[in-house]
Every structure is written in C-alpha cells, then in structure tokens.
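What's counted below: heavy atoms across the whole structure, side chains too, no hydrogens, waters or symmetry copies.
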Amino acid sequence: MDIYSKAATKAETEKLVSLLPRLENAATTNGKLPIRDWEFVKVMVKRLLTLTDKRLFEVLDYSSLADFYNIGLLGVKSDPRDLQLRLNIYPDYPGDIEFHTHRTRVSSLVLAGELTNSMFNGDNLVRDVAGDHRVVKPARMPEGKSTLSETGIIGFQPPVTTLVHPQGVVYGIPVNHFHSVTTAKNTVTLCLFRKDPTGFRESLILKKRDASLLEKPLRTINSNVLELVRSCLDSVLHGKK
C-alpha cells in the first residue's frame with residue numbers, strides 16, 4: 001500500500017505502519033494494547049509538542065460537526081479515504097455526542113484520558129414515519145465547514161451498547177454502526193480509519209426529528225486553542241486526565 005507521511009516523520013511512519021495490525025486486532029475485542037507496543041507514540045507526541053505555533057496550526061484540523069481537533073499522521077496516495085491514521089484531540093469538549101456512522105471501519109487507541117463509546121447497528125434502526133429521529137447526511141466543505149442534507153429516513157433509535165474505555169484500551173467501530181462519544185477532559189486517541197473489504201459506506205448522522213440542520217459555529221484556531229491542544233498532547237506523556 002502506498003502509505004505516505006503527513007505529520008509523522010519517515011521513521012515514525014515505519015513504526016506506525018507496524019502498529020496497524022496490532023491496533024486492528026485489539027479493536028475486535030476492545031482489548032488493552034501493551035504499552036510496549038505504542039510507547040514510541042509518546043516520543044512522536046513529544047516531538048509534536050516542539051512544533052512552532054505556525055507549524056502546529058498547519059497540521060491541526062477541525063470539523064464543526066465533530067467539534068474536536070485532529071492531527072493527520074498517515075494516509076495513502078491512491079485514495080486518501082482507504083486509510084487514515086490521526087490523533088484525535090479533545091481538550092475541553094464533551095466529545096462527538098451525536099450518533100453517527102463512518103465510511104470505513106474504525107480502530108481507536110485511547111492514549112490519554114477516558115472515552116465512553118455508545119453504539120448500535122444501523123440495521124436495527126426501526127424505520128417508522130412516526131419515529132422521533134431522522135437520519136441526515138453530512139458533506140465536508142473547505143476550511144472544516146460541513147453541510148447536512150436529508151435522507152428521508154425516519155424512525156426510532158434502538159437500544160445501545162455503552163462501554164467506558166480508559167488509557168491503553170483499543171475499541172472498534174464496524175461499518176454501518178452508529179456510535180456516540182463522550183470524553184473526559186484532555187482525552188487523546190490514536191484513530192485508524194480503514195476501508196472495509198465490503199467497500200465504503202455513507203457517513204450518516206442520527207438527529208432528533210425536530211433538530212435543526214444548521215451547523216455549529218466554526219471554532220477559530222487561535223493561540224488559546226493551540227495552548228489547549230498542547231496541554232492535551234502533554235497528557236499523553238504524563239497520564240493526566
């Protein structure tokens with residue numbers, strides 16, 4: 001696979017690529033990944049903390065829908081959607097609280113803090129015109145902005161499975177599963193998005209039937225935000241929540 005480095009160095013890329021199979025394997029059981037397998041990630045984070053504000057601003061991404069920051073580490077040249085590895089950073093937000101799906105399967109290692117993941121299979125969504133939820137489709141626009149459009153799907157949310165994942169645990173999100181995340185302050189995850197053998201799926205969001213489709217105001221990345229992000233990354237090194 002034609003993997004290329006983004007914010008990772010060449011040496012870091014080689015180690016990250018060797019970590020991917022263990023990351024995906026642990027995600028199938030929501031298992032704990034031994035620290036020896038990912039301790040080098042701390043060295044990488046320590047290097048990222050030395051970046052100037054200008055460079056950190058350049059590698060930092062933000063989505064108004066998800067309301068957290070991320071730093072892309074790896075990608076693939078043939079199709080950037082096939083594989084993406086990134087650091088997801090939650091400095092002071094509750095997390096990505098709306099139920100949503102991903103185009104790919106997801107494997108995520110909690111590097112710092114604590115994350116609560118709630119999930120249900122999209123096939124179990126009870127379609128009913130009298131339902132209290134509706135499904136909408138997001139589209140990512142330039143500069144982190146997003147738009148939402150109706151899919152016409154209305155129904156009731158099925159029961160969910162909720163698990164709490166502390167530092168060192170890897171959790172997985174299969175394709176076609178809706179999930180919602182809440183986090184402790186200063187939570188950081190190493191998140192792998194990888195094309196499923198069955199192909200890509202649509203990204204979808206479950207909303208209350210009467211909820212607005214207007215996006216949240218876009219957060220400006222300024223010096224205060226960079227300070228929060230640095231504090232969050234520092235928690236990977238020192239285990240602070």
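By the salt bridge (charged side-chain N to carboxylate O under 4.0 Å, His left out) test, Glu227 is found to be paired with no residue, residues two or more places apart in sequence or in another chain being considered. Not counting sequence neighbours, Thr29 has no partner by the side-chain contact (heavy atoms from CB on, under 4.5 Å) test. Judged as a salt bridge (charged side-chain N to carboxylate O under 4.0 Å, His left out), and not counting sequence neighbours, Arg86 has no contacts. For Glu202, the side-chain hydrogen bond (donor to acceptor under 3.5 Å, both in side chains) partners are Lys137, not counting sequence neighbours. Looking at residues two or more places apart in sequence or on another chain, you find no ring-ring contact (aromatic ring centres under 6.0 Å, His included) involving His133. Residues passing the side-chain hydrogen bond (donor to acceptor under 3.5 Å, both in side chains) test with Asp123 are Asn176, sequence neighbours excluded. Residues that satisfy the side-chain hydrogen bond (donor to acceptor under 3.5 Å, both in side chains) test with Thr13, not counting sequence neighbours, are Ser5. The side-chain hydrogen bond (donor to acceptor under 3.5 Å, both in side chains) test applied to Thr151 returns no partner, not counting sequence neighbours.
Checking side-chain atoms of Thr101 against main-chain N and O of Leu204 turns up a donor-acceptor pair under 3.5 Å.
In this structure, Phe178 and Phe120 have parallel ring planes: the angle between them is below the 30° cut-off, well short of the 60° mark.
In this structure, Val164 stands alone, with no Ile, Leu, Val, Met, Phe, Trp or Tyr side-chain heavy atom under 4.5 Å from its own, directly or through other members.
For Lys32, the NZ atom is densely surrounded, since the number of other residues' heavy atoms within 6.0 Å is greater than 12.
In this structure, His177 has its ring center at least 6.0 angstrom away from the ring center of His102.
Closest heavy-atom contact between Asn186 and Ser235: O-OG, 3.1 Å.
Among residues at least two apart or in separate chains, side-chain hydrogen bond (donor to acceptor under 3.5 Å, both in side chains) pairs with a member in residues 35-53 are Glu12-Arg47, Arg22-Asp37, Asp53-Arg230. Residues in residues 157-178 take part in no salt bridge (Lys or Arg N to Asp or Glu O under 4.0 Å) pair, two or more places apart or across chains. Among residues at least two apart or in separate chains, ring-ring contact (aromatic ring centres under 6.0 Å, His included) pairs with a member in residues 152-174 are His165-Tyr171.
Remark: Lys10 does not engage Glu14 in a salt bridge, criterion side-chain N to carboxylate O under 4.0 Å.
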